[in-house]
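Okay, so here's the structure we're looking at.
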Amino acid sequence: MRVRFAPSPTGHLHVGNARTALFNWLLAHGKDGTFILRIEDTDAERSTRESEAGILEDLRWLGLEWDEGPDVGGLHGPYRQSERLHLYASYANELMAAGHAYHCFCSATRLEADRQAMLASGRPPRYAGTCRALTRDESRARIEAGERPVVRFKVPENVEVSFRDLVRGEVTFNTEVIGDPVLVRSDGRPAYNFAVVIDDALMEVTHVIRGEDHISNTPRQVLLYQALGFAPPEFAHLSLVMGPDHTPLSKRHGATSVAEFRERGYLPEALVNYLALIGWSPGGDEELLPVDELARRFALEDVGHSAGVFDIEKLAWMNRHYMKEAAPARLAAEAARFFSARGFVRRRTDAAMEYLATLLPMAVGSVDRIEEIPDRVRFLFEFDPAASTQRGDVIEVLHAPGAREVIAALAEDLESAGRLDREAFRAAAGRVRQKTGQKGRMLFHPIRVALTGEAGGPELDLAVPAIDRGADLAASAGVAQIRGCRERAHAFAETIAKL
Ligand code: GLU
């Protein structure tokens with residue numbers, strides 16, 4: 001089995017296309033097949049090398065490595081269409097010689113006039129066939145006179161073209177609705193329908209799996225396979241990925257590119273797992289499955305043909321799961337750029353990364369995305385009693401009976417304490433309870449406010465040691481300065497004493 005993903009490098013990798021790549025990859029991996037990456041860059045105006053590099057990077061980030069492709073090579077290269085122009089030219093000549101193709105000299109104005117006329121008479125617009133009747137001598141004379149024709153495919157008239165689609169079953173088109181498509185433009189560049197057939201045939205692709213936006217191209221391609229004497233591959237057209245309003249997922253719905261999802265702090269395995277389940281189900285109730293297991297279970301026959309709706313809540317749920325599963329060092333590395341962006345980490349030293357890894361248990365489980373982690377532990381880096389005591393929820397805590405006494409006692413107790421780990425914190429809290437007679441919320445809410453500046457947040461058993469571990473970091477660790485618990489309690493008690 002040989003499958004391919006054939007993106008046009010004209011922008012970012014859209015999640016819908018990433019799903020197409022994934023389905024190809026799953027099939028290849030489950031069936032010991034070959035996954036080919038081909039770059040369809042014949043649109044010289046819109047294709048860029050930056051876009052190509054971005055698509056490769058996104059596919060690698062998703063873990064969808066290819067066996068043959070522009071960078072890794074292979075026996076069926078080159079894998080960029082712009083490097084295969086000689087092949088298209090040679091097959092175009094072959095089709096011309098066999099009478100399956102002809103030169104067309106119609107101007108854009110002429111084509112547009114024909115189109116309008118057909119629309120006006122209620123017929124579907126298609127090429128009127130004007131140049132079909134030109135003899136070879138007439139064509140040659142016009143070329144010698146300096147005209148630059150396109151090459152058109154001579155579509156057989158009024159025949160039924162059928163192919164079996166592995167997702168949709170038998171699909172049939174009558175050639176009456178198909179005008180003669182352009183195969184080669186006047187500048188020598190091949191049109192999509194032509195290049196794709198030559199490439200899929202020469203690259204010995206056995207299964208063409210792509211978005212259903214290409215289904216109306218497929219009969220043209222089947223006819224080309226026939227004219228060229230190639231055996232057509234199997235086809236599978238995947239329903240498109242829709243937004244919640246059932247229109248194709250687009251910018252209007254928010255993030256659409258893989259790069260954006262990465263930027264927002266989704267893990268690649270979450271996106272992969274989620275995309276696999278749009279329009280396909282592995283069977284049973286299990287949905288959280290690693291990619292190898294998805295590949296083992298994947299079958300095109302089980303892919304549904306109704307459109308799949310992109311459900312951001314479900315993706316968030318999966319991302320929460322994979323964040324919990326991720327090794328702390330890896331998640332810390334992923335989170336580092338978001339801490340840097342906030343100014344919380346200035347240099348990503350080993351000590352900084354180790355410290356970040358210890359913070360994760362406070363955040364994982366309560367955030368949807370890696371991007372949200374720094375905010376969850378913001379209290380470490382931003383501690384400002386004057387600002388805190390202006391906030392309603394903090395004021396409410398401070399107004400509770402005994403709250404100020406708890407804070408004063410805490411400040412006093414910590415004056416002689418060292419850095420707090422969990423046990424030392426519990427011991428200190430025990431002494432404050434003894435001294436003030438407060439317990440439960442009446443004890444811990446004021447303590448939280450005094451040490452974190454916030455009325456809510458992660459468990460104090462985790463937060464307090466994290467504060468003091470941070471306060472102990474050397475400046476060379478590259479982490480923004482963190483004030484320790486003793487300094488915090490002292491400063492907070494002073495601030496409320498002045499209120
Ligand atoms: N370059 C085409 C696209 O990106 C590929 C279509 C196909 O797979 O045949 O839509």
Side-chain angles (χ1 to χ4, degrees), residues 1-28 33-49 51-56 58-59 64 66 68-70 76 78-85 87-88 153 163 165-168 171 173 181-183 185 189-225 228 230 232-241 248-250 256-258 275 279 300 303:
M1 164 178 293
R2 291 173 57 84
V3 297
R4 87 307 193 267
F5 176 56
S8 304
T10 54
H12 292 295
L13 180 64
H14 186 281
V15 284
N17 287 336
R19 169 170 159 272
T20 301
L22 172 62
F23 280 23
N24 277 284
W25 188 97
L26 289 174
L27 196 64
T34 301
F35 178 51
I36 304 163
L37 176 64
R38 182 173 72 229
I39 301 296
E40 303 210 325
D41 59 348
T42 55
D43 182 340
E45 265 109 71
R46 294 175 59 232
S47 300
T48 65
R49 278 298 168 101
S51 161
E52 179 190 313
I55 291 170
L56 266 61
D58 289 343
L59 290 171
L64 306 181
W66 45 97
E68 296 173 23
H76 299 72
Y79 294 92
R80 259 184 217 105
Q81 289 190 327
S82 59
E83 294 163 11
R84 301 172 62 82
L85 301 180
L87 294 168
Y88 312 129
F153 181 42
F163 59 94
D165 187 294
L166 294 172
V167 172
R168 272 143 230 278
V171 180
F173 284 82
V182 172
L183 300 181
R185 295 180 226 283
R189 301 241 149 206
Y192 158 73
N193 276 310
F194 185 46
V196 79
V197 167
I198 302 296
D199 291 347
D200 285 338
L202 298 185
M203 293 181 181
E204 296 175 28
V205 168
T206 58
H207 295 70
V208 166
I209 303 156
R210 60 185 167 204
E212 72 172 350
D213 47 334
H214 285 291
I215 200 158
S216 63
N217 285 318
T218 307
R220 293 171 177 80
Q221 295 174 15
V222 169
L223 290 167
L224 275 167
Y225 277 100
L228 288 158
F230 293 136
E234 304 270 10
F235 292 99
H237 290 91
L238 308 174
S239 59
L240 300 185
V241 178
L249 188 70
S250 74
T256 53
S257 71
V258 169
L275 290 176
L300 278 174
V303 172

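What you see is a predicted model, and the numbers here were worked out from it, not measured in a lab. These numbers come from the heavy atoms of this one structure, side chains and all, not from hydrogens, waters or symmetry mates. For ligands, and for the atoms within them, numbers begin at 1 and follow the listed sequence.
For atom 1 (N) of ligand 1, the nearest protein heavy atom (residue, atom name, distance) is E40 OE1, 2.6 Å. The protein non-hydrogen atom at the shortest distance from atom 9 (O) of ligand 1 is Y192 OH, 2.6 Å. With hydrogens left out, the protein atom closest to atom 10 (O) of ligand 1 is H214 NE2, 2.7 Å, a heavy atom. Among protein heavy atoms, the minimum distance from atom 8 (O) of ligand 1 is reached at R4 NH1, 2.7 Å.
A donor-acceptor contact shorter than 3.5 Å is absent between the side chain of N24 and the backbone of V3. A donor-acceptor pair under 3.5 Å links the side-chain atoms of H14 to the main chain of G16, judged by distance alone.
When each of V196, I198, V197 is checked for a side-chain contact (heavy atoms from CB on, under 4.5 Å) with F194, only I198 meets the rule.
Donor-acceptor pairing under 3.5 Å is recorded for the side chains of H214 and N217.
Residue F5 does not touch ligand 1, judged by heavy-atom distances below 4.0 Å.
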Checklist entry - Checking side-chain hydrogen bond (donor to acceptor under 3.5 Å, both in side chains) for the pair T218/H237: CA distance, chi angles, key distance, verdict? => result CA-CA 10 Å; T218 307; H237 290 91; 2.9 Å; yes
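Within ligand 1, counting atoms from 1 as listed, the ones closer than 4.0 Å to a heavy atom of V196 are 9 (O). Close contacts between ligand 1 and S8 involve ligand atoms 1 (N), 2 (C), 3 (C), 4 (O) [criterion: under 4.0 Å to a heavy atom].
Ligand 1 has an N or O atom lying under 3.5 Å from an N or O atom of A6, backbone or side chain.
Within the structure, salt bridge (Lys or Arg N to Asp or Glu O under 4.0 Å) pairs that include any residue of residues 3-16 comprise R4-D200 (at least two apart or interchain).
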